[in-house]
Each structure stands twice: as C-alpha cells, then as structure tokens.
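Note sheet for the following structure.
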Amino acid sequence: MRLKRLLLRYYPPGIILEYVQGGEPKTRSIDLLDLSPDTDVMALVEEIRKGEPLITASCKEQVIHLVRRLQEKLGEKEDHKFYLFKVLRAHILPLTNVAFNKSGSRFITGSYDRTCKVWDTASGEELRTLEGHRNVVYAIAFNNPYGDKIATGSFDKTCKLWSTETGKCYHTFRGHTAEIVCLSFNLQSTLVATGSMDTTAKLWDIEKGEEAVTLSGHSAEIIALSFNTTGDRIITGSFDHTVAVWDVGTGRRLHTLIGHRGEISSAQFSWDCSLIVTGSMDKTCMLWNAMTGRHVATLTGHSDEILDVCFDYAGQRIATASADGSGRVYNAETKMCIAKIEGHQGEISKICFNPKGNRILTASSDKTARLWDAATGQCIQILEGHNDEIFSCAFNYKGNIIITGSKDNTCRIWR
Amino acid sequence: MGLLSILRKLKSTPDQEVRILLLGLDNAGKTTLLKQLASEDISHITPTQGFNIKSVQSQGFKLNVWDIGGQRKIRPYWRNYFENTDILIYVIDSADRKRFEETGQELAELLDEEKLSGVPVLIFANKQDLLTAAPASEIAEGLNLHTIRDRVWQIQSCSALSGEGVQIKDASPARLCSPEGKDDGEAKFSKGTAGSVASSPCSSSEGLVWGLVSSSACRGIFHPSRRFDGEVSSLALGER
C-alpha cells in the first residue's frame, strides 16, 4: 500500500487518501465530522495517525496543513447577503424540483410541462431542454459528485437517463406501473433508484440500462428514498406509515421501521450511515439505528404534519419542516431541540442546510424562501419575489448561490 | 399545498373519493367556480398560469378538484391530468358568443381523448348573471351535445359569481342513490342515451351530485380498482 495523494473535502470535513494497493489505484476517506475551528490540531493528527497506517511521519506536516485549511474554511465569517440575480421563465407550467451539480456550475429544473431544463448558473442561460417524457417530470437528480448524467422520473411511469453534456437520452427505464415520484443515484454512480406510486422501488443499472432489482413489500405508495454513503443500503419511505431498509445487492428487505402513525413524508441516512431520520404526517420525526433498525428517539413539538426532514452534511443536526409553518433544529446526538424556525406565513414544504451546516434554507407556501441561522433559528434573510408557492429550493456546494422553484412557473437564482 | 399534498391527492383513491377535472377556455370562470365550491373568497382571481387543486367535502364524498389554466398555450398540457378522472367539468362563458366555436372544438377534442373515454361530462353554462348570456339550451344545441352517445352528460346553467347553480345544497344522501326521480335516474345510468339540459339555475342545483351518481354508476368509483388496471382489490369489494 503506497500513498499517492491527499485531497481535501470541505463538506463534510474530511481528507481523502489516494493510494495504490496491488497495482490498483484506490481511495478512502478520513471523516472529520466533529472538526471545529477550535479543535486541537496536533492532538487530532496524532489520533488520525493511530488509526490510519497510510499517514506516516513523512506526511504528517501535510496533514496538519490540510486540517488547518479545513478549520479555516469552517471558521470563515459569513455575512453574505443574497440578492435576486435572475428570474428564469422558460417553463410554461409550475416547477417540481430543482437540483445543482456538485460544483454548482449547472443546475436542473423539472416541470409540469413535461420537460427538464439544464441551466448555466453563472449566466442564467438555458443550456438545453430534456424532452421526451409524456407527463409531468417530477423527480430529478445529477449523479453527483460526477455530474455528467441526469436522471428524470416522471408521472409517465418511466425514468430517463441523460447526458448532461449533449442532452442525449442514454436509457429509458420502463417497468413501473404508476407515477415515479422520487429518485436518487448512489454516490458511486452505478445505480439509479426510483420510487413509485405503484408501491415498489426499482434499482436500475446505469451501464447496462436495465433493471437490477425490484424492491417490493410496501403496501402503499413510495414517496421517499435515499442511499447510504457506501451504496450498499437503501431506504424507502411509504404512505403505508413504514420505512424499509434494503440490501442493495440482493434487494432483500433487512428491516422495517415501524412506529409512525401516519404517512411518511421524508427519510434520510446520516453521512456516517449510523442513523436514519424519518418525518411523518403524524407530526413527529423519528430517529432509527441504521444497523439494527431499532427506534432511537422521537422528536416531537410540531403541531401539524412534518413535510420534510434532513440531516446536515456531517449528520450532527436535523432540521424539520412542518405544515404548522415552523421548522425546528435538533441535535442528532442529544435529540434536543436547539432552535425553532418561526416566521413563515404558510406551511414549509422544503428545508435544507447549506453544506457548511451553519445556515438553513426553507421554502414555503407563503411565496417566500427564508434563510436562517442554524444555531439560533434567527431569520437572516427573506427571499421575496415569487408570485406563488415555492415547491423546492437548493444551495450550491459553496453555499453562496440559492435556487428556488415555484408554482409560478419560474425558477429564481439568488447570489 | 406543496408537492407532497399533490402526491397525496394522486394516491389511489380510497372509497368515496372523486377526482374531478375542471377544464374550459381561459376566462370561462373555472377558478371562480372552484373557489365558490370551496366557499372561498372570489374577489381577487387572476388568470391561472398552472393549476389549482382543492379538496371539497360534500355529501360524504371527498371531491378532489383539479382546475387547470385555460389559456391557449396551456391547453396542450391538459392531457397531463386526464388519468384517473372520475368526472369532467367543462365550463363555458355563456356570454362570450364569439368563442362558442372555439370552446366547442376544445370540448369535442376532449371527448375524443382515449383517457377520458366514458368519463361523465358536466357542462356549466356559466355567467348567467350577464344579460348577454346564452341560455343552456341554446349552447347545448350549438355544441351538438345531443350527439354525445358514449357517456352521460349534462349541461347546467350557473353563475359562479353569484353561486347560483353551483353550490351543492339541499341534496340529501338519498338523492345520491337515486338522483332525479326513478325514470330520469334510469336514463342516466344507461350509457348511450343519457343527457339532460337543466336551464334554470335554481331548479337543479345538484350538478355535482349528478356527476357523482353518473360517475359511480358508470365507472365504479366505490372501489379503488381502477388504478390497478382492472385488478379488483378483494378487500374493497368485501366492504361493498
């Protein structure tokens, strides 16, 4: 085993090791999820060396340098004020979802007008329109971190795989018998998973262009799914009130997370894949041990349905969005509520952290998106301008650009 | 509303849920009608760019009404919403005589759609509050409604603005089972010859009730089987 290169990963903080083993180039990562600007760097590096034989005395200095860079990044003061940069009016019907590629140079929008459009972030120029679906394009995704492919899931029951560069449709995945409403690539970009109103999820082989496995067992619609970081597990959230954990290789169901008393609205793994968070129409959010499937905690406090829930990039905090018009931030370790997000005049349908984890973005039916301090819940900025409710919002990886997609048929770029 | 609630409205219709599609030319009064049905304020209504969805409780039914914008550029997208429609409501501006031909053409195209085949159609001759409004009977004749043979239909005059002819009032649940007297009701259940003209807004205020009956009779909305392409859920049948 010989170390070739050390690479930085800002969010979540980590160092990627590129090395050669038996002539084969390989990578692995050292996650530094707890790193903060006041962590003792020398002690941390000693600890890393104990657990990682590849980090020898000769490259210790370099590691110290990288950790300091990560600390600087985390410590950077942020007083960025967003302003409306562009209004994109190319869609003729309401937008469904929006998504950035990893670098943030491109983003995509899905719409009820049956198309998905690819945009250049810097200029706001429409690069291409992905046409071919025969009904609403509902779920969209880039195969991040690569970003060279786009998957679209439609109410026409098919999923299409496209080239970002040329707009060519590589494959049309057929097999679902009802609307596709959620999809995701695995991080390795070998599979795309689709969840459907037909109560099944399917995994599709990107290379071969064919179905790899069908995940069946839910008794109602699947409306959320998420791969874990290593790509060997996938979870599906269903209107049948349960979440299932599946083995990606065999399609076997490993656990069923039973406990919610209402439809599931959202489900996600934490970065280190130890926890699963689920949000439900029963007004609660639950945490589960991802390995055993055991219930760990119930996060209560909302007075109406939970519509979205997410971890921050490091998996240390959880944000919830509710139909009661408020949001909450919880500590994933202590399960305590850290902050309340209050101010929206309507339900919050989408919530996300910026990659750094110190800001929260919410999209609401009150036609505004709002930016909040993740630690205090204080409102930092109100992004006003949409003429109708906002269905989706996203940060770029750097956290300095926001896009919002609305029922008013427009997408807006805020910088 | 949010995307999630759209999905919830999409999900397989349990018993007593009805999906209603509200179409018509721009400025026909679809959104006003929708808001009137939901007893909401109708003083500030602007052209619908996309769509509105409302769930209205009525007679123990949950009506999921989809109101899709009627502007010419949006009309090609109507077909996105055809699937699983239980009742089609087509709204006509009775005072806009210049566009009777256009609205007739659009309606004819809708009735030709495969996904809407057999779906009962209720036509609202709206804006009867205007002096220049054509009566429902005249519109029925102009649109050749009498030639519709493949589904039940009804034309009903109304004023979405005043609410006349729109609200589902005095209809008792019993009426749901046998709508407008036995003979008339029989006619409605038999496909092919069904159709009626209700010209006075006050005398027949049960347009939607009519729709529910027609729809349940013709398409079996009382069990959620249609979503599964003919596979009938035994549980639902048992409950019947």
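Below, chain A is the first sequence line, B the second, and so on; all start at residue 1. All values reported here derive from a predicted model rather than from experimental measurement.
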- Query: Which bit of A/Phe155 comes within less than 4.5 Å of chain B, counting heavy atoms only: side chain, backbone, both or neither?
  - Reply: side chain

- Message: For the interface with chain B, which of A/Ile390, A/Asp113, A/Val181 has the highest count of heavy-atom pairs at distances below 4.5 Å?
- Response: A/Asp113

- Item | Side-chain ion pair, B/Glu109 and B/Arg75, N-O less than 4.0 Å | no

- Could you tell me which portion of A/Asn409 (side chain, backbone, both or neither) has an atom closer than 4.5 angstrom to a non-hydrogen atom of chain B? side chain

- Message: If we define contacts as heavy-atom pairs under 4.5 Å, which of A/Ala323, A/Ser265, A/Ala363, A/Ala220 has the most with chain B?
- Response: A/Ser265

- Of B/Ser159, B/Ser162, B/Ser94, which meets side chain to side chain donor-acceptor pair (under 3.5 Å) against B/Asp129? B/Ser159

- Could you tell me whether A/Phe100 and A/Phe142 have their ring centroids closer than 6.0 angstrom? no

- Item | Electrostatic pair A/Lys160-A/Asp156, nearest N-O below 4.0 angstrom | no

